Amino acid sequence: MARRAKGEGSYIHRISIKCDECKQRDNCIKRNDFTVTCNKRDRKDYWEYQYSVKGADGKRVRKSIYAPSKKELAKKVEALKTQRDVTLKADATLGDWSETWESKYLPATVKENTLDFYKYMLGYIPEKLKKKKLSKVTPVMLQTFLNSLLENGRKNGGPLSARTVRSIRSALITCLDCAIDNGFIMVNPARKTKPPMLEKKEIVYLNQVQMQELIKVADIGDYYFENHPNSKVDLGSQYLIKQFSILIRLAFASGARCGELLGLDWGDIDYIRDSINIHNNLQNGKLVEPKTKYSRRRVSVDKDTMDRLAEWQKYQEQYANQLGDKFSNKLGTIFTNISGNYLHYDNFRTRYFYPMCDKARLPEGFTFHGTRHTHATMLLMAGVNIKIVSQRLGHSSVSFTLDTYGHVLDEMERSAADMMGSLLYGNKKE
């Protein structure tokens, strides 16, 4: 029944039984009615294929096809399926195919966070475009759609970034490539569109004074009450203030991404080797695989930060004991909300991190990811080998690190010239 409900059929072998041999002979109401056909009596042995289709009213209707042998029936069934596929492919819309692709093809081939990414990107496709038949979707339609996102792609009517629009285009290309592989279309219209120009944003990082100022603001915690005037000094507020101070310090000390830090549990802390082991990434309240295979890494951390982590671990245990059943940190994560659940990045960023930055008067455009840029920039400026920096950041290649932090190399090149001059001429002045 379940197979027929999905449109699949069942093979049934019908065996001829004479009336005299039938066990139901005495109770049969059909025996004396020649207008009624009994498939057990009035036919020779044959095979039947039962399947169901949707009727005009949306309800499923059972249908059958017949053949004297299973081999002949299989040929009829194959012809039927081919005919139905042609009809399906001719009528399939962009929305139908994208849903099929997301539910049937992606789950077994990509990671969960990649699946979520594709679903999120294709969610920008408007209903009007989704109702277009695949065969009727043109490059001009898709280009018009992508261009419109740059003007008012957000739900609030604001523009989407060029990077996001490029991601939507990339998702469409991958989705429609699969449609070609399955015979739904011959040409991928998304490949004939042009991606928006990507303007490389200038990396915003902090100098040592600014970094120390942010840490100071996080330690004192005034920003918390200034931004939440109705909040009281209690166990919960003290817990969050202390926690965010540790989070900021660990971000600068490790260069780890925010999701990587929020996904850390106490088992990932190695106090003997003074390091943290990164193998998870917290996204949308779920632990997922790291961004790439290179993101799985061990990062050494300075002794002072490790000592503060040890103090935080003891504080968290005391806090949990005070709250009792109201605090449940089953996964043993380092950073939690006041109840022990995962700390959501968006909530932390808007309610706490940005007020910290405002209080510390940091440069405009500085984000939490800027702690990672600051970490890399300071190490490179201090002369740390770029290969080591690349490994600490979890980059896939040194060339990516070089491309990302070219601004530092320009400054280092100037310093190299000055150093060479001092070696050539010493402190001698003309």
Side-chain angles (χ1 to χ4, degrees), residues 161-164 198-224 227 240-241 243-264 276 278 281-283 290-292 294-295 297 299-302 304-305 308 334-335 343-382 384 386 388-396 400-412:
S161 69
R163 186 178 298 277
T164 301
L198 190 62
E199 294 182 7
K200 190 172 182 179
K201 289 186 177 180
E202 184 178 348
I203 288 177
V204 181
Y205 60 95
L206 305 182
N207 58 36
Q208 185 177 6
V209 174
Q210 293 168 327
M211 180 178 68
Q212 294 293 345
E213 184 62 25
L214 179 58
I215 291 174
K216 179 181 176 182
V217 167
D219 287 345
I220 295 173
D222 287 350
Y223 72 91
Y224 183 96
N227 196 55
L240 292 178
I241 290 171
Q243 172 175 254
F244 297 152
S245 174
I246 295 296
L247 178 57
I248 295 296
R249 289 175 182 274
L250 187 58
F252 280 125
S254 66
R257 303 175 180 91
C258 189
E260 295 171 341
L261 294 172
L262 298 184
L264 288 173
I276 61 174
I278 297 173
N281 192 18
L282 185 69
Q283 288 186 350
K291 189 174 182 180
T292 67
Y294 303 97
S295 298
R297 63 198 187 279
V299 181
S300 298
V301 178
D302 65 276
D304 287 341
T305 302
R308 289 176 183 274
I334 297 174
F335 304 108
L343 187 66
H344 287 266
Y345 171 63
D346 287 340
N347 183 50
F348 161 70
R349 177 187 61 182
T350 55
R351 299 190 66 189
Y352 307 107
F353 181 72
Y354 285 156
M356 279 188 220
C357 295
D358 291 341
K359 182 77 174 179
R361 297 182 179 180
L362 298 185
E364 185 178 353
F366 182 75
T367 65
F368 192 90
H369 202 72
T371 60
R372 181 173 166 85
H373 294 321
T374 301
H375 175 86
T377 300
M378 288 188 170
L379 290 184
L380 291 171
M381 292 294 289
V384 176
I386 193 166
I388 301 299
V389 176
S390 184
Q391 289 176 345
R392 289 178 66 84
L393 296 176
H395 283 169
S396 57
F400 181 82
T401 311
L402 284 168
D403 183 58
T404 305
Y405 298 102
H407 64 285
V408 182
L409 301 181
D410 291 340
E411 294 183 35
M412 291 175 69

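Atom set for the values below is all heavy atoms of this structure, side chains included, hydrogens, waters and symmetry mates excluded. All values reported here derive from a predicted model rather than from experimental measurement.
- Looking only at distances, a side-chain donor or acceptor of Thr371 sits under 3.5 Å from a matching main-chain atom of Phe368.
- Remark: side-chain polar atoms of Gln391 are not paired, donor with acceptor, to backbone N or O of Ile388 under 3.5 angstrom.
- In this structure, Ala376 and Tyr405 approach most closely via the heavy-atom pair CB-CZ, 3.6 Å.
- With sequence neighbours left out, the salt bridge (charged side-chain N to carboxylate O under 4.0 Å, His left out) criterion links Arg351 to no other residue.
- Within the 4.5 Å cutoff, the side chain of Arg257 has heavy atoms near those of the Ser295 side chain.
- Once rounded to the nearest 0.5 Å, the distance linking CG of Leu393 with CG of Leu379 reads 8.0 Å.
- Residues Phe348 and Leu262 are not in side-chain contact: their nearest non-hydrogen atoms beyond the backbone lie 4.5 Å or more apart.
- Minimum interatomic distance between Thr404 and Ile203 (heavy atoms only, all atoms of both residues): O-CD1, 3.1 Å.
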side-chain contact (heavy atoms from CB on, under 4.5 Å) between Phe335 and Ile246, intermediate numbers included: CA-CA 9 Å; Phe335 304 108; Ile246 295 296; 4.0 Å; yes
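- Of all heavy-atom pairs between Phe252 and His375, the closest is O-ND1, 2.8 Å.
- The CE atom of Met211 lies 14.5 Å from the NZ atom of Lys216; values are rounded to the nearest 0.5 Å.
- Considering OG1 of Thr377 and CG of Asn207, their distance stands at 11.0 Å, rounded to 0.5 Å.
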side-chain contact (heavy atoms from CB on, under 4.5 Å) between Tyr223 and Phe244, worked out: CA-CA 12 Å; Tyr223 72 91; Phe244 297 152; 3.5 Å; yes
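- In this structure, His373 and His369 have perpendicular ring planes: the angle between them is above 60°, well past the 30° mark.
- When all heavy atoms of Cys357 and Phe366 are compared, the closest pair comes out as SG-CD2, 4.0 Å.
- When all heavy atoms of Ala253 and Thr305 are compared, the closest pair comes out as CB-OG1, 3.8 Å.
- Atom OG1 of residue Thr374 and atom CG of residue Leu362 lie 9.0 Å apart, to the nearest 0.5 angstrom.
- Between Met356 and Ala218, the shortest heavy-atom distance links the atoms SD-CB, 3.9 Å.
- To the nearest 0.5 Å, atom OH of residue Tyr352 and atom CD of residue Gln243 are 10.0 Å apart.
- When side chains are defined from C-beta on, Arg349 counts as touching Asp346, because their heavy atoms get closer than 4.5 Å.
- Within a 6.0 Å radius of OH in Tyr354, other residues, nucleotides and ligands contribute more than 12 heavy atoms.
- Applying the side-chain hydrogen bond (donor to acceptor under 3.5 Å, both in side chains) definition to pairs two or more places apart or across chains, those involving residues 244-256 are Asp219-Ser245, Asp219-Arg249.
- Other residues, nucleotides and ligands place no more than 12 heavy atoms under 6.0 Å from the CZ atom of Arg163.
- Taking OG1 from Thr367 and CZ from Phe353, the interatomic distance works out to 6.5 Å, rounded to the nearest 0.5 Å.
- At least one side-chain heavy atom of Leu250 sits under 4.5 Å from a side-chain heavy atom of Leu264.
- A side-chain donor-acceptor contact under 3.5 Å links Arg297 to the backbone of Arg392.
- For residues 352-373, every residue pair satisfying the salt bridge (charged side-chain N to carboxylate O under 4.0 Å, His left out) rule, not counting sequence neighbours, is listed here: Glu226-Lys359.
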